[in-house]
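The analysis underlying the following values was restricted to heavy atoms, covering all of them including side chains, and did not include hydrogens, waters or symmetry mates. Counting begins at 1 with the first residue of the sequence.
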Amino acid sequence: MVNLADSAFLRACRRQPVDHTPVWYMRQAGRSLPEYLKVREGVPMLTACATPDLIVEITMQPVRRYGVDAAIFFSDIVVPLKAIGVDLDIKPGVGPVIADPIRDRAGLEVLRPLEPGDVPYVTEAIQSLVGELGSTPLIGFAGAPFTLASYLIEGGPSKNHDHTKAMMYGEPALWHALMERLTDIVSRHLRVQIDAGASAIQLFDSWVGAVAPDDYREFVLPYTRRIFEAVPDVPRIHFGVGTGELLGVLGEAGADVVGVDWRVPLDEAARRVGPGRALQGNLDPAILLAPWEAVERKALSILEQGRSAEGHVFNLGHGVLPSTDPDQLRRLTDLVHSFR
């Protein structure tokens, strides 16, 4: 009988002693791997995310290649929105594009509650993965309400989040109604993954770094906290990009682990987050494009800084870049595992 609780990844998330620093990589399953490009050839992203056999194969690829301490479920943050009927597509080189952006109360009506039957491929794939992964934990994930709201309001990726902030500041009642609905959808989506066998979850709030701390407390924190309260039975990771000024309040949201991008040293991040949380991060993914000596030097520095945290899961400060040489990640994994 496999005892996942003994895995280094889950122990580090719970701030328990480990015999080596655990490591996994955001976007480890995907575009930097030739085997991924082969199985995805001619298959649209949202089709791949709804095909259990493909989900299993793509999720397993980096585990086989790198020997990482955790797998992350192959999917996309807009999958639950697509599943409830939002007219959207993921366009190569662009990202999620929404056909009818939500700019008024009538637009909210498309956001009905998510039911397990809306995403049967998620349940099927996770159940298969749990059996195949054995002693390697599986991380489920979802996009956080702020980031999903930004896509829905802007109609796609945005540099300044103009329409999002205009609604947040100018129509707070509409903003809160939108966040309420998204919080329910995200909570249910995470619950489906946990019930199917995911051992941990990560909430991606990719764009929340655009918000000031006081605004985060008013317009975002209540909803993030509610999501983490809905999934208390597995380790919970909270990650955003450009969140150096938000690390303290991110630590208040209720996650067990706070993800840190590359802009803040881990020892400083530990001070900002405060006690009672593990940290995840935080190698700049661009460094992997440099010679190995530069990667090794920076990774060892981060591992040393990670001693300041009550628990440390090594990761990148954001996702693996498409042009990354997989051999760099294999060597990096071995380096991290050798660190005591």
Side-chain angles (χ1 to χ4, degrees), residues 2 4 7 9-10 13 22-33 35-36 39-40 43-83 90 96 114 116 118-144 147-148 185-206 227-228 230-231 233-239 255-257 259 280 313 315-316 318-320:
V2 174
L4 281 171
S7 79
F9 167 72
L10 294 176
C13 289
V23 53
W24 69 279
Y25 307 110
M26 288 180 280
R27 289 188 182 146
Q28 64 186 17
R31 54 198 182 173
S32 66
L33 294 177
E35 56 265 43
Y36 169 80
V39 299
R40 271 290 315 280
V43 181
M45 179 63 173
L46 287 172
T47 300
C49 292
T51 307
D53 289 349
L54 265 181
I55 295 170
V56 172
E57 170 59 22
I58 293 170
T59 301
M60 291 298 302
Q61 286 174 351
V63 179
R64 300 186 196 115
R65 181 183 274 264
Y66 303 135
V68 286
D69 293 279
I72 185 162
F73 186 66
F74 175 75
S75 188
D76 191 272
I77 63 172
V78 299
V79 162
L81 300 180
K82 180 72 172 179
I90 299 176
L114 179 80
D118 295 321
V119 285
Y121 42 86
V122 170
T123 298
E124 182 181 340
I126 288 178
Q127 288 175 342
S128 296
L129 277 165
V130 169
E132 195 159 338
L133 284 164
S135 60
T136 302
L138 176 67
I139 305 168
F141 76 92
T147 293
L148 293 179
I185 291 166
V186 171
S187 298
R188 289 176 180 230
H189 188 51
L190 290 173
R191 190 75 256 167
V192 166
Q193 294 174 72
I194 293 166
D195 289 346
S199 299
I201 61 96
Q202 176 158 308
L203 190 66
F204 283 90
D205 214 345
S206 304
I227 289 168
F228 287 132
V231 290
D233 40 352
V234 298
R236 300 153 295 179
I237 308 168
H238 192 15
F239 174 75
D256 305 285
V257 185
Q280 178 176 280
V313 176
N315 207 314
L316 305 180
H318 201 195
V320 177

Is there side-chain contact between R27 and I72, with at least one heavy-atom pair below 4.5 Å?
-> no
dist I139:CD1 -> S199:OG (nearest 0.5 Å) comes out at 9.0 Å
What pair of heavy atoms forms the shortest contact from V320 to S32, and how long is it?
-> CG1-OG, 3.5 Å
What are the two closest heavy atoms between I55 and A125, and how far apart are they?
-> CG2-CB, 3.7 Å
Output yes when E57 and R64 qualify as a salt bridge under the 4.0 Å nitrogen-oxygen rule, no when they do not.
-> yes
Interatomic distance, I77 atom CD1 to C49 atom SG [nearest 0.5 angstrom] | 11.0 Å
Please test R236 against L203 for side chain to side chain contact (heavy atoms under 4.5 Å, CB included), starting from the C-alpha separation and ending with a verdict.
-> CA-CA 8 Å; R236 300 153 295 179; L203 190 66; over 6 Å; no
Residue pair L148 / I185, side-chain heavy-atom distance below 4.5 Å = no
Do the side chain of Q193 and the main chain of F141 share a donor and acceptor less than 3.5 angstrom apart?
-> yes
Minimum side-chain heavy-atom gap F73-L129 below 4.5 Å = yes
Between Q61 and E35, is there a donor-acceptor pair closer than 3.5 Å when you use the side chain of the first and the backbone of the second?
-> yes
Are side-chain heavy atoms of N315 and F239 found at a separation under 4.5 Å?
-> no
Calculate, to the nearest 0.5 Å, the distance between atoms NE2 and CD1 belonging to H189 and I201 respectively.
-> 11.0 Å
Any side-chain heavy-atom pair from S7 and T136 closer than 4.5 angstrom?
-> no
Ion pair present between D233 and R191, side-chain N to carboxylate O less than 4.0 angstrom?
-> yes
Under 4.5 Å between any side-chain heavy atoms of P62 and L33, yes or no?
-> yes
Please walk me through it: do I58 and R40 pass side chain to side chain contact (heavy atoms under 4.5 Å, CB included)?
-> CA-CA 9 Å; I58 293 170; R40 271 290 315 280; 4.2 Å; yes
Once you round to the nearest 0.5 Å, how far does CD1 of I90 lie from NZ of K82?
-> 9.0 Å
Donor-acceptor pair, T147 side chain versus A144 backbone, under 3.5 Å?
-> no
About how many Å separate CG of L54 and OG1 of T47, when rounded to the nearest 0.5 Å?
-> 9.5 Å
For the pair T59 (side chain) and F74 (backbone), establish whether a donor and an acceptor sit closer than 3.5 Å, ignoring hydrogens and angles.
-> yes
In Å, rounded to the nearest 0.5 Å, how long is the span from CD1 of I126 to OH of Y121?
-> 11.5 Å
